[in-house]
Amino acid sequence: MKMLAPQEIVDVLKEAAGDAFKEARCTEWAEGVKGNKSRQVWIRLDRKALRPALKRLIEIHFPHLGVISCTDLGEEVELLYHLFVYYGVPHSEIMVTLAVSLPKTDLSIPTITDLIPGALVSEREKQEMMGIRVENIPDGRRMFLPDDFPEGVYPWRKDATGIPSDMVKELWTTGRENLKPPEGAGATEEEKKE
Amino acid sequence: MSFPMIPELLGQLLKKPATNPFPAPQLPPTITGYLKAVGEGKATMNPPVPVPPNMRGKMVYNRGTCIGCSLCIKVCPARAIELVPQTKKVRIFVSQCINCGQCTEVCPKNCLNLSDEFLIADTDRYSDKLVLG
Amino acid sequence: MNIGNLIMVVVGTGAMALFGIVAGLFYMGIDRVLVARMQARIGPPLRQPFIDMAKLMTKQNIVPANAIPWLFNAAPLVALASSISIMLYIPLGSFAPIFRGYGDLILIVYLLVIPALAMVVGGLASGSPYATIGAQREMVTMISYELPLATTIIAFAWKYAQLGLDNPFSLATVAATPIWSQVGPLGFVGCLLLLVTMILVTPGELGKIPFDTPEAETELAGGLLVEYSGRNLALFYLSLGVKAIVLTAVVVALFFPYNLSSYLAMSALPARLVDGAFFLVKIFVIMFFSVSLIRIAMARFRITQVVDVYWKYLGALSLVGLILVMVDSFIR
Amino acid sequence: MRLSQTLGKSLWTFLFNSGSCNGCEIEMVAAVTPRYDVERFGLKLVGSPRHADLLLITGPVTRKMAPRLKLVYEQMPDPKIVVCVGVCGISGGTFYDSYNLAGPVDQIIPVDVYVPGCPPRPEAIIHGVVTALAKLEQAEKVS
Amino acid sequence: MTISSIAQHLPALLIAVPLLTAFLTPLIGGVNRTLRMLWVALGISATSAIGLALAWKVFTTGTVLYVFGAAAVGQVLPMDSGGIPIRIIFEVDAFSALMIVIASISAFAITMYSLVSESECSGQDGFYALLFLLVVGIMGMVATGDLFNFFVFLEISSLAGAALVAYRVDKGVAVEAGLKYALLSTLGALCVLIAIGLLFAQYNALNLATLASRLQFTTLDKIALALLIVPLAMKCGAVPMHFWTPDTYATAPSSITALLVVSSQASLYGLFRVLFSLYGHLVQFNYATFGWFVIILGVLSMFVGVTMAIPQKDVKRLMAYHAVSQTGYMLLGVGVGLAVLGNRSALNAYGLTAMAGGIFHIINHAMYKGLLFLTAGAIFYRTGTRNLNKLGGLGHTMPWTMVFFMIGALAIAGIPPFNGFASKLMIYESVFRFSPFLSIVAMVVSILTLASFVKVFHSIFMGPRREEFAAAREVPAAMIFGMALLAVVVMLFGLFPQTFIDGMITPAVTALVDRGAYISAILGGH
Amino acid sequence: MKTLEIKKTAPYTTQIGPAHPALKEPVMFTFELEGERIRKADFAPGKAHRGIEWMGLRRNCVQIVYLAERICGICGITHSLSFCRAIEQVAQIQVSNRAHYIRTIVGELERIHSHLLWAGVAAHELGFDSAFYLAWRVRENVMDLLEYLTGNRVHYAIIQIGGVRRDITPDMVPKIEESLKFFEGVYGKLASIFLDDTTIQMRCRDCGVLTPEEALKLCPVGPTARASGVRKDVRVDHPYAAYADLELQPVTPDQLTGEIRGDVYDRIIVRLLEVKQSIGIIRQCLAQMPDGPILAVPKMALLLAQLKKAEGEAVGRHEAPRGEVMHYVRMGKQESPVAWKVKASSYSNYMSWVPMLEGEQVADIPIIVASIDPCISCTDRVTIVGDQGAQVWTKEELHRLSVEKTRQLQLG
Ligand code: SF4
Ligand code: SF4
Ligand code: SF4
Ligand code: SF4
Ligand code: SF4
Ligand code: SF4
Ligand code: SF4
Ligand code: SF4
């Protein structure tokens with residue numbers, strides 16, 4: 001197997017993504033005495049290029065999908081597909097992150113489970129946690145949240161559809177208000193507010 | 001057919017058990033009686049497995065030196081510390097503390113420390129022993 | 001049966017029940033202590049099973065909503081009563097069985113089915129689906145060990161019938177003429193195979209690892225007994241204890257019917273005591289090998305493997321044993 | 001239900017994980033293994049709440065587990081003891097606020113003894129059980 | 001009529017009373033329902049009482065001979081019976097008496113049961129008429145001492161049986177099953193008739209005893225033997241001719257099924273009669289062959305029956321297959337006896353016990369299997385289904401039925417202290433001397449049977465209450481009475497087997513083995 | 001109505017597992033069975049979902065380190081290490097090499113403890129409690145050592161952003177050496193008990209097979225992937241901590257048996273071999289440990305201030321005993337992260353249950369489920385549900401299936 005360098009991967013994927021390609025960044029990070037470097041490629045794409053880019057990546061080396069991360073950036077939501085190629089050969093693995101921004105008005109993304117079946121767990125999680133709509137997902141049920149969890153509430157959102165404060169249970173306060181006042185303390189009124 | 005466990009088991013019959021008999025090898029007739037006897041020195045309690053130095057056990061708080069700077073509260077990952085505004089001292093809930101020791105490191109006055117005491121079960125989670133300060 | 005006899009039977013039954021329960025719990029205790037020691041633990045006190053029973057007796061006895069109450073409550077009683085009743089047919093040391101004239105091996109084998117059946121019925125009556133699977137597996141296990149068990153017993157009977165003895169199925173006959181002295185070298189090998197069979201059938205009958213599939217906790221959360229609590233649970237445990245004694249006593253009676261007293265030339269009372277003690281020791285040895293050691297030295301079988309092991313391997317083993325015993329008789 | 005002398009000497013135990021990090025869970029399991037061997041106190045782990053006298057519970061009680069915890073508690077025959085192991089079951093610990101927690105444990109079922117620690121060492125758990133036994137003995141005296 | 005004359009005419013009454021009841025039922029039934037019920041109850045009570053009394057007489061005083069229309073009982077049969085051979089002669093020896101006991105008890109319990117279980121169906125009069133006819137057939141088959149009469153009664157029982165199977169005319173299946181049964185029975189009867197013809201042509205006699213004393217074992221005799229064995233084995237449901245039993249047993253009303261079991265036992269009786277009494281001395285050089293033939297038939301029935309039973313979904317089909325399996329035990333026991341008939345020492349050592357076991361199993365089987373079919377009927381009565389997958393949770397509402405079922409199931413599985421164990425024990429403990437492997441098979445089949453019934457027990461009675469059976473209650477008292485009666489018998493036989501063995505079984509075995517006695521009872525000193 | 005309710009609740013009440021040696025996070029499985037054979041398997045985790053990521057976004061990074069540690073109590077270092085590595089990359093904090101080596105040593109000790117723990121649990125699932133006790137008895141030694149090095153048996157609290165909180169001083173080394181010798185001594189015994197025992201072989205060989213193809217497509221990690229021949233190990237592929245300096249090869253079962261079958265037995269092999277590998281790694285680390293400070297920013301207040309200025313995104317990874325763990329962190333000039341995504345190893349391995357379970361027997365569920373070493377080993381919590389997916393399994397069906405099994409056995 002001929003192994004491509006990070007920049008070469010960027011080039012290949014850029015070609016595959018065409019005009020949907022937005023930006024790319026290669027980073028390195030070294031740890032240890034010998035200073036061996038780990039290499040990461042971050043590519044930001046438009047939604048429509050996700051599958052072509054992924055298909056191209058699969059041709060390079062069948063990638064291992066770590067997870068799909070997700071960030072609420074206010075107006076948009078960014079999905080990051082963390083993929084790994086060239087594993088199995090010491091120190092040569094490259095992390096390729098494909099990042100796709102979705103406007104909150106249209107949070108839909110095609111599934112990649114037909115290409116990488118193992119993405120299902122992650123896609124299901126994105127649906128329930130961030131309210132992403134994964135198109136053609138083979139199994140769209142909830143994964144982590146209880147069945148009685150309210151519809152339209154997404155824990156990872158930072159806007160009005162996030163967790164409302166009345167859903168948050170402050171476990172730590174339980175029983176504390178009944179405590180006797182500390183020695184030498186005066187009024188206990190303020191404490192009770194806690 | 002091979003059963004490598006059998007010789008191991010039979011061999012163990014002749015050896016000493018690996019159990020540390022804390023607090024007593026088997027249950028004494030009554031716990032209260034036993035504890036009383038231990039207290040009076042009439043019975044000896046087997047100690048737990050010795051803990052290493054620097055084991056992070058129950059918090060101890062030197063209320064006197066505390067200056068109420070709230071640094072400990074800032075780093076505490078478990079909301080185990082609260083400031084009592086009237087006294088400008090803190091109060092630590094042992095039953096909430098996860099023994100991370102972060103507060104002890106951050107305290108400028110060294111008034112927080114983790115001891116090696118860990119047998120702190122109680123019937124009341126806010127008992128005097130478990131609320132410091 | 002005259003009055004004197006009747007009193008004897010009643011007193012004897014009471015004594016046997018007491019002996020069965022006490023010995024059953026006692027051996028459970030020994031088993032637990034020994035197992036703990038072999039696993040490098042201190043283990044519970046010897047009297048732990050007694051404490052457990054005493055505690056269970058004082059606990060709440062819950063009858064689940066789906067259960068058929070009377071059946072649910074009757075099952076443990078039947079299990080214990082039937083286990084105890086088997087005691088009456090079993091010789092203990094030099095004490096002949098109370099029902100010496102009636103019982104024989106086959107009766108014992110079928111009586112042994114009853115406690116297991118009671119457990120199955122109780123489990124089913126509790127209405128829990130886990131108990132249901134447990135019950136099915138219990139039945140499958142029962143079917144599985146039936147073949148080697150039946151073969152062993154028939155082999156014994158065949159041999160004794162061949163010798164022209166009157167009651168080939170009676171344990172008394174076996175006790176009077178230990179099998180080992182009646183066979184040639186081939187038959188000796190055959191008997192050894194039968195002994196192995198019985199040693200391995202015992203954990204199956206008692207539902208111990210590796211044949212504890214019906215109760216397999218990891219799979220069925222306690223299987224048949226999930227829903228039982230308090231007194232009912234205690235009764236089941238007692239019946240298992242008694243059953244363990246019965247089974248090992250059967251193995252002892254079949255293969256090691258020897259008594260010390262005949263070698264030591266002792267008079268009546270001490271002889272009985274010595275034999276009694278010797279009997280307890282023999283039970284202990286069998287129990288140690290066929291229950292304690294095996295149950296901690298292996299992994300549990302799958303239900304299909306239980307069937308395989310019993311039907312294919314032990315079935316074949318016991319049949320070979322039987323054939324060896326037969327051939328041995330014919331060539332002698 | 002009458003408390004009996006024997007209850008404490010034969011505590012059959014049911015472990016319940018209400019969504020803990022497993023830390024307390026493994027320490028409880030470790031308490032069963034040869035080094036600590038709780039069986040020497042007559043304590044035995046059982047597979048069905050119906051058989052249990054003692055409920056050892058860990059975790060801050062997730063919303064999915066809260067009804068189950070209640071059910072398990074109800075399924076246990078009287079008399080029963082509950083020991084809450086680990087601070088996250090006592091007060092939330094690090095998980096002191098969340099949208100998906102219904103705890104702490106004593107908000108769902110009554111708790112007899114709390115064993116603080118994150119996680120408590122196996123011996124601390126043993127100490128917790130012993131504390132429960134002492135409490136039991138006191139209750140016996142009263143009744 | 002005085003008591004003694006009743007006693008004297010017991011054999012005649014045994015046939016006459018049910019026959020009379022049968023014919024008068026439509027008449028009386030026409031008057032009113034209650035009256036009919038009373039009449040039926042009276043009729044069956046009388047029949048059973050007569051049967052039991054006759055059996056008692058046989059067991060206490062020995063073989064009873066009765067010739068219809070003969071002036072003196074002693075002068076039964078002219079040696080040259082050439083003139084009119086068709087003359088009704090009853091010869092009731094201990095074996096016959098045993099069968100009569102079975103038939104009496106079962107018929108009584110079943111009829112009482114059916115008084116309620118069938119009360120909601122139409123065509124009551126016909127039903128009871130047929131039922132009594134069936135009883136007549138059964139009684140006649142086991143009591144007659146004449147081959148042709150045997151054929152006649154066989155026909156009566158077959159036709160009545162077939163009609164009863166088809167009784168629930170509203171169901172197409174039932175009619176079909178009835179036809180099947182009728183067809184097979186008729187074919188079988190035809191074979192029997194041909195055999196009778198062959199024998200009559202050669203020996204000019206129809207009386208069993210006479211024939212037996214004259215038989216030469218010519219080729220024709222051999223053909224006749226085959227023609228007798230095959231249909232009888234088929235009627236008793238032995239493998240490989242068992243195929244009709246599941247259909248018939250499953251579709252007939254349960255009370256009838258229970259009675260059909262008795263009727264098939266009567267065929268078994270016929271089979272043993274033919275083998276032992278008629279051909280007994282002729283096959284003696286071949287005892288082993290014939291014995292093995294029966295044994296193999298038995299082992300096959302045992303195994304095939306039980307393995308076919310386990311997957312069944314229909315309770316009654318399942319029970320039917322078990323009936324096949326249980327028949328195997330009888331064949332096994334008696335077969336072993338037959339195989340060693342020529343070997344005195346073996347016969348005494350275990351052959352007789354094996355036979356006794358087999359024959360004891362006949363009566364036991366009739367009792368517990370009857371009981372089981374009645375419980376199945378009770379369940380159907382309340383739920384309207386026999387499908388195991390649909391049933392469930394009835395233990396909550398039908399405790400008595402459940403208890404009876406448990407008794408029946410434990411008995412059929414041969415669990416002490418129920419009667420099935422008693423007879424199976426005799427089989428296990430004797431046939432092993434013949435071949436140890438037979439005992440092992442028998443024991444394993446028992447456990448399989450048990451497993452199968454645990455499954456049935458669970459499917460029907462266990463589990464949570466079912467909504468669809470919310471209305472199911474315990475069945476009415478008369479049905480409980482019918483089941484209870486059989487259950488009590490099952491328990492009695494199980495608890496005190498020795499009494500029954502000594503009193504009834506051993507004489508029956510002796511009667512069967514001692515062919516000379518059978519012949520000389522009729523022909524006088526030989 | 002009563003029946004309906006019962007049907008609904010019955011499996012729920014019974015699924016409550018005895019939580020015993022098997023450390024179980026409640027996961028619920030759904031099976032479609034044919035007799036005792038599994039036709040289709042499905043699972044539903046999330047009973048332990050505490051909303052940790054959500055909590056994290058309300059805390060400062062120092063607090064999150066300890067929160068992350070408590071994602072799971074089995075790998076006390078895994079999540080805090082991964083989180084710290086991500087933060088360090090975002091804030092460009094250079095960790096000293098000494099700290100890297102200490103992190104590695106603790107990480108490998110954790111692997112030993114975790115694999116022993118797993119071996120015990122697996123043995124327990126097989127009903128082989130003696131092996132369970134033995135494995136855990138040996139494990140206590142690692143626990144002692146971990147406590148000695150870090151101050152706690154489970155949540156070590158040794159990782160901090162920028163390094164580690166406790167040093168391994170020269171006087172501690174003999175004790176580590178002693179333990180390593182002990183493990184080496186006992187390793188042969190453990191290996192023989194787990195690999196040679198006939199009953200274990202009977203239960204584990206060719207049971208729960210995951211083909212290499214599936215192991216690639218379903219993205220499992222750690223021993224689950226390696227046992228199926230997918231050579232994937234973060235320690236090897238991705239140079240980090242002291243692993244960056246070591247010569248490592250991923251462990252695959254063919255190293256012992258010469259073949260890869262991808263069954264439960266292979267997973268046992270991989271884990272046992274990894275224990276041996278870990279001992280070697282610790283040895284090397286001890287030998288090569290460089291000097292230096294252990295914490296880049298020892299003052300927490302300073303650290304917090306520095307992090308408040310950080311901006312950017314990074315992924316921190318670590319090869320946990322169960323496989324790769326990754327934390328994606330994005331910082332945006334505020335105290336708390338803007339995004340924090342945790343991926344635990346079991347998260348990646350869940351999917352491989354399905355092909356492993358399908359076609360196997362009910363009795364094999366526990367060991368197969370345990371074989372990926374989820375933090376949910378006890379399938380007592382399995383609910384056996386529905387024939388056709390939706391409806392809940394009724395007892396009749398359960399029963400019928402077991403009966404069919406019985407018949408199959410008798411005819412077969
Ligand atoms: S950090 Fe120390 S001095 Fe400051 S409030 Fe906390 S305990 Fe007091
Ligand atoms: S040790 Fe940790 S959890 Fe406990 S009070 Fe200190 S900072 Fe908070
Ligand atoms: S299956 Fe194992 S873990 Fe579960 S309760 Fe039983 S012994 Fe404990
Ligand atoms: S108390 Fe701590 S160790 Fe225990 S379960 Fe909770 S978070 Fe985990
Ligand atoms: S890591 Fe996942 S499962 Fe755990 S709390 Fe966070 S979101 Fe829930
Ligand atoms: S893989 Fe499991 S044990 Fe390891 S860190 Fe994750 S949850 Fe914990
Ligand atoms: S010593 Fe420095 S870091 Fe610590 S509290 Fe004071 S100013 Fe802050
Ligand atoms: S698998 Fe491990 S990390 Fe994941 S939720 Fe379970 S315990 Fe936590």
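Note on naming: letters A, B, ... go to the chains in the order of the sequence lines (proteins, then strands), and numbering restarts at 1 for each one.
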inquiry  = Ignoring hydrogens, what is the shortest heavy-atom contact between C/I42 and B/T19? Give both atom names and the distance.
reply    =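 Looks like N-OG1, 3.2 Å.
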request  = Could you look at C/I296 and say if it's the side chain, the backbone, both or neither that has a heavy atom under 4.5 Å from chain B?
outcome  =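 Contact with chain B is through both the backbone and side chain of C/I296.
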request  = For C/F256, look at atom CZ and say whether over 12 heavy atoms of other residues, nucleotides or ligands are found less than 6.0 Å away.
outcome  =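 Yes, because the 6.0 Å sphere around CZ of C/F256 holds more than 12 heavy atoms from other groups.
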Residue, of C/P44, C/P45, C/A40, that accumulates the most heavy atom pairs under 4.5 Å with chain B =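 Maximum pair count with chain B is reached by C/A40.
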message = Distance check, rounded to the nearest 0.5 Å: B/L13 atom CG versus C/R37 atom CZ?
response =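 Here the rounded value is 9.0 Å.
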request  = Determine yes or no for a side-chain-to-main-chain donor-acceptor pair under 3.5 angstrom, with C/Q39 supplying the side chain and B/L9 the backbone.
outcome  =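 No; zero donor-acceptor contacts below 3.5 Å.
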ask   = Who among B/Q12, B/K15, B/M5, B/K16 has the most heavy-atom pairs with chain C under 4.5 Å?
value =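 Most pairs with chain C among the choices: B/Q12.
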